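These numbers were taken from a predicted model, which means no experiment stands behind them.
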Amino acid sequence: MSQGKRIVLAARPVGEPKPSDFRVEEFQIPTPGAGEVLLRTIWLSLDPYMRGRMSDGPSYAQPVPINGVMEAGTVSEVIASNNPAFAKGDIVLSRAGWQTHAISDGKGLAKIDPKIAPISTAVGVLGMPGMTAYTGLLDIGKPQAGETVVVAAASGAVGSAVGQIAKIKGARAIGIAGGKDKCAYVKNELGFDDCLDHRETDFPAKLKFACPKGIDVYFENVGGAVFEAVFPLLNAFARVPVCGLIAHYNDTQAVAPKWAPAMMRAVLTKRLTIRGFIVSDFAARHADFLRDMSGWVREGKVKHKEFVTEGLDSAPAAFMGLLKGANFGKQLVRVGPDKA
């Protein structure tokens, strides 16, 4: 096959991304040069942070350039190699982005052992989302036995792991999700103590009832009305790890809410810790994460769910759906078969 396919950023979205913000292109599959490998994408990971990469405002990472390939983590197969560190047939974790093939000089590639776990988990529960949950909860949230941990987007790739780790550590885990089916899964399958539907009109009252002793840790990845319901329930010395604000990713301008002064007063009087983080902040914890999480998955203490669409062409619609909560579990795109 000499033709590859890629999806590039055609325009910077204003508000919600739309199909015209993306463009599908075909390209000649390149030949690897000295020290390079040719990668074929098997799994493409879609994650909310990508919305920020589509904008050119100040952020922790450079934006995707107009006409540039959309950025993403991938699981890929090495199909040609001029690099002694990698052989044809190796499965690797890479950042090939939204494309069927890519050239790499080997830097940043990590081999994946298909015997340990399904290779898709390398961009899911055993990859960036899992490590985000692990480090954010344990290094910032620091849940103690008997404390109440509330998790937004609890059926998603990060939130589902957060609540299960909280239970492993002896805490109460209260999930928040969108829809009865997701809430039932979080409570009945993942073992959270409760899960509340943020779409219900009496959600704030139900959250208060579910947290009679208040909230000690709130794992934030949503913002918006969910945060507004949680904040009054935070206990003194509560910890709030912040890894995302998906409710605000499509905002066209940043405006401080009218209740910001009241929030800051509570931060002071309750001595709250609110800390934003990026998973790479905890790179030194990667070995600990892999040891613990792989063990928990193997023992059945941490379960995970994948939401898969087929073919690279499905990525834009799947990503737009992800931002609206259409996915049920870790959003993946199967770009190609496990073996060429």
I would like to know whether His304 and Thr121 meet side-chain contact (heavy atoms from CB on, under 4.5 Å); could you show each step before the answer?
CA-CA 9 Å; His304 63 102; Thr121 60; 3.7 Å; yes
Does the pair Thr132 and Phe282 meet the rule for a side-chain contact (heavy atoms from CB on, under 4.5 Å), with working shown?
CA-CA 9 Å; Thr132 298; Phe282 298 101; over 6 Å; no
List the steps, then state whether side-chain contact (heavy atoms from CB on, under 4.5 Å) holds for Lys301 with Gln164.
CA-CA 7 Å; Lys301 293 180 178 179; Gln164 292 178 89; over 6 Å; no
Set out, in order, the CA-CA distance, both residues' side-chain angles and the distance that settles side-chain contact (heavy atoms from CB on, under 4.5 Å) for Asp281 and Val279, then state yes or no.
CA-CA 5 Å; Asp281 297 342; Val279 67; over 6 Å; no
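Note that CE of Met70 and CG of Leu44 are 9.5 Å apart. Values are rounded to the nearest 0.5 Å. Note that the CD1 atom of Ile274 and the CG atom of Leu234 stand 7.5 Å from one another [nearest 0.5 Å]. Asp216 CG to Arg172 CZ: the interatomic distance, rounded to the nearest 0.5 Å, is 10.0 Å. Rounding to the nearest 0.5 angstrom, the gap separating the CG atom in Leu233 from the CD1 atom in Ile215 is 4.5 Å. One finds the CG atom of Leu322 at 6.0 Å from the CD atom of Gln331 (value rounded to the nearest 0.5 Å). Separating the CG atom in Asp288 from the CG atom in Leu290 is a distance of 9.5 Å, to the nearest 0.5 Å.
Side chains of Ile278 and Tyr49 form no contact here, defined as non-hydrogen atoms less than 4.5 Å apart. Under the 4.5 Å side-chain criterion, counting only non-hydrogen atoms from C-beta, Thr273 is not in contact with Val240. Counting heavy atoms from C-beta on, the side chains of Val24 and Asp313 come closer than 4.5 Å. A heavy-atom distance below 4.5 Å is found between the side chains of Met50 and Trp98. When side chains are defined from C-beta on, Leu207 does not count as touching His198, because their heavy atoms never get closer than 4.5 Å. At a threshold of 4.5 Å between non-hydrogen side-chain atoms, the residues Cys211 and Thr148 count as touching. By the 4.5 Å heavy-atom criterion applied to side chains, Leu109 and Leu39 are counted as neighbours. A heavy-atom distance below 4.5 Å is found between the side chains of Met320 and Pro19.
Remark: Lys167 engages Asp193 in a salt bridge, criterion side-chain N to carboxylate O under 4.0 Å. Between Glu71 and Arg53 there is a salt bridge, since a side-chain N of the basic residue sits under 4.0 Å from a carboxylate O of the acidic one.
Under a 4.5 Å side-chain heavy-atom cut-off, the cluster of Ile, Leu, Val, Met, Phe, Trp and Tyr residues that includes Ile112 is completed by Ile42, Trp43, Val75, Ile91, Leu93, Ile119, Val123, Val308, Leu332. Here Phe209 is tied to no hydrophobic group at all, with no ILVMFWY side chain closer than 4.5 Å.
Applying the side chain to side chain donor-acceptor pair (under 3.5 Å) rule to Gln28 yields no partners; only residues at least two apart in sequence or on another chain are considered. With sequence neighbours excluded, the residues forming a side chain to side chain contact (heavy atoms under 4.5 Å, CB included) with Ala152 are Tyr218, Glu220, Asn221, Val222, Val226, listed by chain and number. In terms of the side chain to side chain contact (heavy atoms under 4.5 Å, CB included) criterion, residue partners of Glu26 (sequence neighbours excluded) are, by chain and number, Gln3. For Phe307, the ring pair (Phe, Tyr, Trp, His ring centres under 6.0 Å) test picks out no residue, with sequence neighbours left out. Checked against side chain to side chain contact (heavy atoms under 4.5 Å, CB included), Lys111 has the following partners two or more places apart in sequence or in another chain: Phe86, Asp90, Val92. Residues passing the side chain to side chain contact (heavy atoms under 4.5 Å, CB included) test with Lys18, sequence neighbours excluded: Ser20, Asp21. Phe231 pairs by the ring pair (Phe, Tyr, Trp, His ring centres under 6.0 Å) definition with Phe227, not counting sequence neighbours. Applying the ring pair (Phe, Tyr, Trp, His ring centres under 6.0 Å) test to Tyr134 and every residue at least two apart in sequence or in another chain returns Phe289.
Asp47 and Ser45 are linked by a side-chain donor-acceptor pair at a separation below 3.5 angstrom, with hydrogens and angles left out of the test. Checking Ser155 against Ser160 by side-chain atom types alone, no donor-acceptor pair falls below 3.5 Å. When only modelled atom types and interatomic distance are considered, Thr269 and Arg265 share no side-chain donor-acceptor pair under 3.5 Å. Side chains of Gln99 and Thr41: no donor on one and acceptor on the other come within 3.5 Å.
Closest approach of Pro32 to Asn82, counting heavy atoms only: O-ND2, 2.9 Å. Of all heavy-atom pairs between Gly141 and Val217, the closest is O-CG2, 3.4 Å. Nearest heavy-atom pair, Met293 versus Leu126, reported as atom, atom and distance to 0.1 Å: CG-CD2, 3.6 Å. Val158 and Cys243 make their closest contact through CG1-SG, 4.4 Å (heavy atoms, listed as atom of the first residue, atom of the second, distance). Between Ser120 and Glu306 the shortest heavy-atom distance is OG-OE2, 2.6 Å. Nearest heavy atoms, Ala133 versus Val162: CB-CG2, 3.5 Å.
Each of Arg239, Lys142, Lys169 was checked for a salt bridge (charged side-chain N to carboxylate O under 4.0 Å, His left out) with Glu147, and the lone residue meeting it is Arg239.
Without hydrogens or angle criteria, Thr100 side chain to Lys5 main chain gives a donor-acceptor distance under 3.5 Å. A donor-acceptor contact shorter than 3.5 Å is absent between the side chain of Glu228 and the backbone of Ala225. With hydrogens and angles ignored, the 3.5 Å screen pairs no side-chain donor or acceptor of Arg40 with any backbone N or O of Leu38. Side-chain atoms of Asp139 never come within 3.5 Å of backbone atoms of Gly136 as a donor-acceptor pair (strictly under, hydrogens ignored). Distance alone, capped at 3.5 Å, places no donor-acceptor pair between the Thr74 side chain and the Ser76 backbone. Thr135 places a side-chain N or O within donor-acceptor distance of the main-chain N or O of Met131, the cut-off being under 3.5 Å.
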Could you pull out every donor-acceptor pair under 3.5 Å between side chains of residues 174-190 and any protein atom, sequence neighbours left out?
{"residue": "Lys182", "atom": "NZ", "partner": "Gly325", "partner atom": "O", "Å": "2.5"}
{"residue": "Lys182", "atom": "NZ", "partner": "Asn327", "partner atom": "O", "Å": "2.9"}
{"residue": "Asn188", "atom": "ND2", "partner": "Ala184", "partner atom": "O", "Å": "3.3"}

Scan the side chains in residues 6-15 for donor-acceptor partners under 3.5 Å anywhere in the protein, sequence neighbours excluded, and list what turns up.
{"residue": "Arg6", "atom": "NE", "partner": "Glu25", "partner atom": "OE1", "Å": "3.0"}
{"residue": "Arg6", "atom": "NH2", "partner": "Glu25", "partner atom": "OE1", "Å": "3.4"}
{"residue": "Arg12", "atom": "NH1", "partner": "Met54", "partner atom": "O", "Å": "2.9"}
{"residue": "Arg12", "atom": "NH1", "partner": "Val64", "partner atom": "O", "Å": "3.0"}
{"residue": "Arg12", "atom": "NH2", "partner": "Val64", "partner atom": "O", "Å": "3.0"}

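Placement of Ile168 and Val151 within a single hydrophobic cluster is found when ILVMFWY residues are connected by side-chain heavy-atom separations under 4.5 Å, directly or transitively.
Residue-environment remark: NZ (Lys208) stays at or below the threshold of 12 foreign heavy atoms within 6.0 Å.
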